[in-house]
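Working notes for the structure below.
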Amino acid sequence: MRSQETAAVPSAPSAEPGKVGRWFRTLSKQKALVLMSVPFVIWIFIFKYVPLWGWTIAFQHYRPNLGMFEQEWVGLEQFRFLFSDDSFLRVLRNTLAMAVIKLVLGFVTAIALAILLNEVRIAFFKRAVQTISYLPHFISWVVAANIISTALSIDGGIVNELLMWLGIIDRPIMWLGVGHYFWGILGASEVWKDVGWNTIVYLAAMTMIDPSQYEAAEIDGANRMQRIQHITLPGLKPVIIILLIMNLGNILETGFEPQYLMGNGMNADYSENLEIFVLKYGISMGNFSLATAAGIFKTVVSFILLFGANSLAKRLGEQRLF
Amino acid sequence: MVKTKKGLLVLAVAMATALAGCSGNSGNSGNAGSNGGAAAPEASANAGAGEKAAPAKDPVTFTYFNAGAQVPNIESNKTKIGKLLEEQTGVNFNLQYPVGDVNTKIGTMIASGNYPDVLSPDTAIDKVLDAKAFIPLNELIEKHAPNIQRVYGPYMNLMKAEDGNIYFLPFSPVVGEYISNPTIEQGAFFIQRRVLKEAGYPKIKTLDEYFDLIDKYKANHSGDKLTGFTSLIYDWRTMGIFNPPMHLAGYPNDGDVIVDMTSHEAKTYSNTDNTKNWLKKLNEVNSKGLYDESSFVNNYDQYLAKISSGNVLGFFDYGWQVNQALQNIKKTGNDDLDYMPLPIVFSGVEKDQYLDPPSFVNNRGVGITTSAKDPVRIIEFFDNMLKEENQVLIQWGVKGEEYEVDDKGRFYRTPEQIEMLKDNKTQESIGFSYFNYSWPMYGGGSTLADGNSFNAGRQPEVAQASFTEGDKLILEKYGAKTFSDLFAKPDERPWYPAWSISLEQGSPAQIFTQKSKDLKLKYFSKLVLAKPEQFDGIWDEYLKEFNKLDVKAYEETMTKEVAAKIAKTQGN
């Protein structure tokens, strides 16, 4: 996006007859780019802007069988129900906590693995590790959740067996039955499932770092750790920041499947997130208005976070999204 | 010559129009099919008329989403019964079943407005009705369905919605005399037969006696890694821990309430001593290491696998829900691992009421949706199913293959046939799994015109023959002929079952059901797994939370609905 801006700048001074003319001149120069972006603008408009019409549902007592003008308008009642519900704060806390865990763990592990892989010199070993760590990404959560709950089971689950054999615990622990373990289990599962996949973008970014920098550092006597610290990590910084901003925008999207599939009455206090709340009180009870209201709430929070993070990056003089 | 050719042409055109009429969504394909006369539907309607009376119609495939069963999806004409029905009517069904949460699936259908042609929404029926997704059937039934009129006639009042329309056909219209089930399909405390055998087949009645037996057996066989007692608590299948207090107190399954026999007042029992005593017992049992802690985290598959393993000594469940696992055990042929259903009650309760009173469940059923391409064809198919010979086909199979008839006209099954039908795969390929429920049908316990039982399983000849040697032995030890003999006869309850009462979407009563379920799920696990000395403290905390909910609105609504149902049944 930046490169487009800079490309546009040189053409500016040559234009005399006012702003409008300049604008058209630029437009005609970049018509290929503009034409290429048209399908995507249309796509975004149809799939992201037109559905906003549906937000009106949040202010109604919506009945699917009635037409638009027969609906009963209830103002902010759905929002009132949402925010005044006892469990809402708990659900919000869970959502945020799981999001932060996912974000932090996801970044740290992916960057660490990418750096380690980058340092590996044996191509076969590197490939093997990459393939193995990508694999879980392609397993659907339904299957993954079953694998995890079997591994954590108290009747011969491998985790309990292993810990007992090592003598760390003396009787099996019901991992999924203890609420405050849930965040940890979820974090670990997410890492297991996605760490390999997440390294791809960092590995790609590392290939962009000029090898002569490494050579120069080596001649100056920098050891491996110092090279990672002073060349690899700063080289990755722009990618990390852009990804961070984008992920902050999605922070309330903590996912639905793992929490739904591994959640149960015993860990509900920690596993229930906004999505599940919406499913229970919105979709399952046929209250589409409430589900929409929750969706609006999420969008607003995401919006604030995205802009907040972006302007923070701007102020710190870092690479930013827009 | 020319004339004939012209005539042929005219005929061909007429045929083409007729065919077009059939596949289009015009409401009068019945007429079109018989080339302009209303003769066809009537001919096919006369029960007992030969199946070739109606001209075969062009083949058509409808979709049917059935939320009430969990079997693999299939084209109905891939099954034996489905094939025969297709030959009679030309109708094939693409049968679809839920994976995961039914409410979500139906919610998505409603949001999109796209339905299968035929829908049986099971627990989500209120939402479907609320969305007006079913078309009214009154006129269709009147015009095209004499068999539906015959079978459902006496129940029409109970089937009508408030606006006087009938939107779906329930599954329980009893035809003829009522025959009760010899085996237990409903709730019971199950106990493994080896436990009873080792104790010398004692007659047990109370919850304490029940757990004492399990305790003793487990102590004697401590090396065997046995599970004392397990429950199913997953998704909507929470009855394993929610419902026993009601049954232990001597009431049948009325869902979340106990309905008083004289005042007809509906009261939730989740905040009463019945529930407290039940959980306290589980807590005590758990502290002895008899309760399966993983009950609270297992899903339905894991639960069934656990019971099928034969290592579980006891559990509470409904026969229909655990049947798969019980069949698996029967297949091993080891009678010791098989289970015995018992009507356990709290001490002090005189009479158990586990067996369902004869009842008409009017909030489960199958309906035709607004998306249906050709409602007339569908209603004709339904009507054709309700012919007595087709009801026999669907429940009993084909004469000489799945059942036999003796010289007195009584239906029976040979031991080989019974053995063959124990296999779930065979049940599926014949089509019993797909057709013997969730369609317009005679209700369970009905009698055929010739005196045979409508359900094969309730025919005494079949029941006796399908008992294993072990079944016969244990029944003899307890002095009973059938398993249901051990249970008390059900009292009459005109409102029964209260669980079939539907609550308005988004009403305080409906929100109460969701909230109380969440609360119970959260606290019941804590209560059962807590140290015994902490139990009372947690119970008080739970009561406080529970009573914060809108209990009053729920109980008032239920009481009102019970009264309304009584009025409807008796004013019939």
Side-chain angles (χ1 to χ4, degrees), chain A residues 54 57 61-66 74 77-78 81 85-87 90 142 145-146 149-150 152-157 160 171-179 182 256-257 260-272 276-292, chain B residues 99-113 123-124 126-133 225 227 233-236 238 241 292-299 301-302 306 309 311 370 503 505-507 510-511 513-515 517-526 529 545 548-549:
Chain A
I57 291 175
H61 187 70
Y62 179 72
R63 298 271 151 150
N65 56 313
L66 298 179
V74 294
E77 196 193 296
Q78 306 295 352
F81 177 85
D85 194 272
D86 292 339
S87 43
R90 182 169 52 81
V142 178
N146 261 323
S149 63
T150 309
L152 296 176
S153 141
I154 55 170
D155 320 303
N160 279 318
R171 50 169 301 196
I173 296 178
M174 194 155 46
W175 295 98
L176 286 172
V178 186
F182 189 82
F256 160 73
E257 290 137 313
Y260 181 72
L261 293 165
M262 297 195 288
N264 56 53
M266 294 178 80
N267 61 26
D269 274 355
Y270 292 85
S271 66
E272 212 175 83
I276 293 179
F277 182 81
V278 167
L279 178 79
K280 271 191 188 164
Y281 288 93
I283 298 172
S284 291
M285 292 177 75
N287 190 350
F288 299 106
S289 298
L290 182 70
T292 314
Chain B
V99 179
D101 184 39
V102 168
N103 279 315
T104 321
K105 173 86 184 174
I106 305 268
T108 330
M109 282 182 192
I110 292 173
S112 70
T123 53
D126 299 328
K127 256 174 277 176
V128 173
L129 291 173
D130 209 42
K132 298 245 180 298
K225 283 205 165 179
T227 303
I233 309 149
Y234 178 73
D235 199 11
W236 60 274
T238 51
I241 195 149
D292 175 21
E293 292 186 338
S294 59
S295 296
F296 293 103
V297 295
N298 282 345
N299 62 30
D301 288 335
Q302 284 168 319
K306 197 153 207 165
S309 77
N311 288 330
T370 47
L503 299 167
Q505 298 292 313
S507 63
Q510 197 212 19
I511 291 176
T513 55
Q514 178 68 49
K515 293 219 154 180
K517 182 184 162 199
D518 284 356
L519 192 73
K520 285 193 273 184
L521 278 178
K522 182 172 147 188
Y523 273 96
F524 282 15
S525 55
K526 275 192 201 169
L529 302 181
E545 291 285 322
K548 268 192 214 158
L549 304 177

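Residue numbering restarts at 1 for every chain, and letters A, B, ... go by the order of the sequence lines.
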Proximity breakdown for Met266(A) and chain B, heavy-atom pairs closer than 4.5 Å: both
Chain B contact via Tyr62(A) - side chain, backbone, both or neither, heavy atoms under 4.5 Å: neither
Between [options], which shows the greatest number of heavy-atom pairs under 4.5 Å with chain B?
options                                    : result
Gly282(A), Gly179(A), Gly265(A)            : Gly265(A)
Thr150(A), Leu152(A), Asn146(A), Ile154(A) : Ile154(A)
Leu290(A), Asp269(A), Asn287(A)            : Asp269(A)

Criterion salt bridge (Lys or Arg N to Asp or Glu O under 4.0 Å) on Glu545(B) and Lys526(B), from CA distance to verdict: CA-CA 14 Å; Glu545(B) 291 285 322; Lys526(B) 275 192 201 169; over 6 Å; no
Mind ranking [options] by heavy-atom pairs under 4.5 Å with chain A and telling me who comes out on top?
options                                    : result
Asn103(B), Thr227(B), Val102(B), Asp301(B) : Asn103(B)
Gln302(B), Lys520(B), Lys548(B), Lys127(B) : Lys127(B)
Ile511(B), Asn298(B), Ile233(B), Thr108(B) : Ile511(B)
Ala131(B), Gly107(B), Ala133(B)            : Ala131(B)
Thr104(B), Asp518(B), Leu521(B), Asn299(B) : Asp518(B)
Lys522(B), Lys306(B), Lys225(B)            : Lys522(B)

CZ on Phe256(A) to CG on Leu261(A), rounded to 0.5 Å: 7.0 Å
Leu519(B) side, atom CG; Gln514(B) side, atom CD - distance, nearest 0.5 Å: 11.5 Å
pair Thr238(B)-Phe524(B): side-chain heavy atoms closer than 4.5 Å: no
More than 12 heavy atoms from other groups under 6.0 Å of NZ on Lys105(B): no
Pair Leu176(A)-Asn267(A), side-chain contact (heavy atoms from CB on, under 4.5 Å): steps then yes or no: CA-CA 7 Å; Leu176(A) 286 172; Asn267(A) 61 26; 4.3 Å; yes
Closest heavy-atom pair and its distance - Ser271(A), Gly263(A): OG-CA, 3.8 Å
Polar side-chain atom of Asn160(A) near backbone of Ser153(A) as donor-acceptor pair, under 3.5 Å: yes
